[in-house]
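Okay, structure first, notes after.
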Protein chains: 2
Amino acid sequence: MDRRVKKSRQALFDAFTKLMVEHPFQKLSIAMVTKEADVNRGTFYLHFKDKFELREQCIDMHLTQLMTSCAGGIKEEFTSKKAMLTTFDYLNDNAAFYKVMLTGEDNTFFRKRMEEILKVGLSDFIESKTIKDPIDKEIMIQATISAGAGLIEWWLTTKTDLEPSYLVERFWGIINVER
Amino acid sequence: MDRRVKKSRQALFDAFTKLMVEHPFQKLSIAMVTKEADVNRGTFYLHFKDKFELREQCIDMHLTQLMTSCAGGIKEEFTSKKAMLTTFDYLNDNAAFYKVMLTGEDNTFFRKRMEEILKVGLSDFIESKTIKDPIDKEIMIQATISAGAGLIEWWLTTKTDLEPSYLVERFWGIINVER
DNA sequence: TTAGATATGTTGCTTAATGAACATTTTAAA
DNA sequence: TTTAAAATGTTCATTAAGCAACATATCTAA
C-alpha cells in the first residue's frame, strides 16, 4: 500500500482513538478528527464515508493489532506466556480507548469482534494442550475465552492500575492448573 | 507551508536526530535516514542537497525550538522561571542528541549557533533587570551566558540524571543574587 | 422562530510524494 | 586488486494529499 495512504489512515485512526477518550462519539465531528490528525478534511473522504465507517475500521485496526500481538510470539518456543504479556501490555497502553469502547453505548459491535479475536488467539493456545476428546477441548476453549474476556473487561473497566505482568501471571496460573 | 512539506521535513529531522544518537554522522547514509523516516528516498532530495545540509537544518530546527521555549513564556507574568524550566525540560527530552552534538567531532557549528541562541534568550531576561550602567549590564549578560552555557554543557555531558527543575532552581538562585 | 455559526459533502486545480528504474560512484570484502 | 554490494543522484509517470471554494445541512443561542 502506498506510504501516504498508510500514514493518512493511521493519523486518522490515532486522532479518533485519542478523541474518543475525551468526547462521546456523538459529539465528534469529522472536522475535529481531521484537525487532530493534521490532515486535510477532504482527505478523510478519500478513505471513509462517514465517522461511523471510521469507527468501524478503527476498531478493526485495534483488534487486528490485538490479535497479532496474541499470535505474534507463538512461533518461538516457550513464548505463549510472553505473547500473552505482549497482548496485555498492548491493552494497557490503550486502556482508555478500550474502556470507552467496552462501556460506551454502541459497544455491541466492539464486544462481538473482540470475542471473535480472543477466540482465535486463545484457540491456538489451547491447541497446544493435548486434550484428546474434542468435546473436552471445546469446553476448555469456551471456559478459557470467557475467563479471559471477563478478566480483561474487569481489568480495563475497574482499572486498579494492576501491572500487566501480574495479570498474566495469575491468568496463566488459572488456565494451566493440572486437571 | 504545505502540510506535506512540514511532515516530510519533520520526519527526516526526527530520523536524523534519532540516528545521530546511535551512529557517528559519518556512518549515516541518506538511505538509512529516509528508511527510518519512512519517506521515499527521492523525497530527501526535494528538501536537502546532501546529509550535511540535513544536519545543518536539523540543528537549526532544534535551536530554534530551544529559543522559542526560552522566549515563549516571557509575555506572561512571573514566567521567566517557568520559561527557563520549559527550556531545560526540552533539553532534557533531547539530551542524547544534544550531548552528541556538543561532544561530537564537528561540533563547532553547533556550539556557535547554540551560544547565539542562548544570548538572545538570556538577554531578554537580563533586560528585565534594572541595571542602569550599560557596561555593567553587558558584564551581567556575558557572565550569565557563560554560566548558562557551561551549566548546560556540564549537565548534558556528565548527565547525572539531575531533574530539570532542580537545575533551574539552582541556576535561578545563582543569577538572582542581590548584588 | 430566526439568524449566525459550524459542519458536511463535493468539486476543480495544483503540487508534493511515491515507486521504479537507471547510470554512476563509493564501500567493503575476498 | 578485483568484484559484488550498497549508496548516490537523477529521471519519469502516476497518484494521494493539499487548498480553496461552494451549496447544503445541522446545530445553537438570541
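Side chains included, hydrogens not; waters and symmetry mates left out as well; all remaining heavy atoms used.
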Does any N or O in the side chain of A:Asp50 come within less than 3.5 Å of the main-chain N or O of A:Glu53, such that one atom is a donor and the other an acceptor? yes
Counting only heavy atoms not in B:Arg170 (residues, nucleotides, ligands), do more than 12 fall under 6.0 Å from its CZ? no
Gap between atoms CD and C1', on A:Gln10 and D:dA16 respectively (whole Å): 17 Å
B:Lys7 side chain near D:dG18 phosphate (N/O to OP1/OP2, under 4.0 Å): yes
Would you mind reading off the distance between B:Phe44 atom CZ and C:dG19 atom P, rounded to a whole angstrom? 17 Å
Relative to the ring of B:His62, is the ring of B:Tyr90 parallel (under 30°), tilted (30 to 60°) or perpendicular (over 60°)? tilted
Under 4.0 Å from OP1 or OP2 of C:dA28: is there any side-chain N or O of B:Lys27 that close? yes
Any idea which of D:dA17, C:dA17, C:dT8 is nearest the B:Ser8 side chain? C:dA17
Could a donor-acceptor pair under 3.5 angstrom be found where the side chain of B:Asp2 meets the base of D:dG18? no
In this structure, how many angstroms lie between the P atom of C:dA7 and the CD atom of A:Gln26, rounded? 14 Å
Looking only at C:dG9, D:dG18, C:dA16, the nucleotide nearest the B:Leu46 side chain is C:dA16
For the pair A:Thr34 (side chain) and A:Ala31 (backbone), establish whether a donor and an acceptor sit closer than 3.5 Å, ignoring hydrogens and angles. yes
With a cut-off of less than 4.0 Å, is there a side-chain N or O of A:Arg3 near OP1 or OP2 of C:dG19? yes
Side-chain N or O of A:Asn40 closer than 4.0 Å to phosphate OP1/OP2 of D:dC19: yes
Does D:dG18 have its OP1 or OP2 closer than 4.0 Å to a side-chain nitrogen or oxygen of A:Thr43? yes
Tell whether A:Arg4 reaches the base of D:dA17 with its side chain through a donor-acceptor pair below 3.5 angstrom. no
Under the 3.5 Å rule, do the base of D:dG9 and the side chain of B:Arg41 count as making a donor-acceptor pair? yes
Rounded to the Å, how far apart are B:Leu19 CG and D:dA7 P? 13 Å
Is it true that a side-chain atom of B:Lys18 and a backbone atom of B:Glu36 form a donor plus acceptor pair closer than 3.5 Å? no
Please report the distance, rounded to the nearest Å, between CZ in A:Phe48 and C1' in C:dT10. 18 Å
Rounded to whole angstrom units, what separation is found between the CD1 atom of B:Ile30 and the C1' atom of D:dT10? 12 Å
Minimum-distance nucleotide (side-chain atoms of B:Val5 versus C:dT8, C:dA16, D:dT8): C:dA16
Taking B:Lys51 for its side chain and B:Phe16 for its backbone only, find out whether a donor-acceptor pair lies under 3.5 Å. no
Reckon A:His47 has a side-chain N or O less than 4.0 Å from the OP1 or OP2 of D:dA16? no
Students often get this wrong, so: under 4.0 angstrom with heavy atoms, is B:Lys6 touching a base, only sugar-phosphate, or nothing? nothing
Nearest whole Å is fine: how far is D:dG9 C1' from B:Asp50 CG? 11 Å
For A:Tyr45 and C:dA7, what is the distance between atoms OH and P respectively, to the nearest whole Å? 11 Å
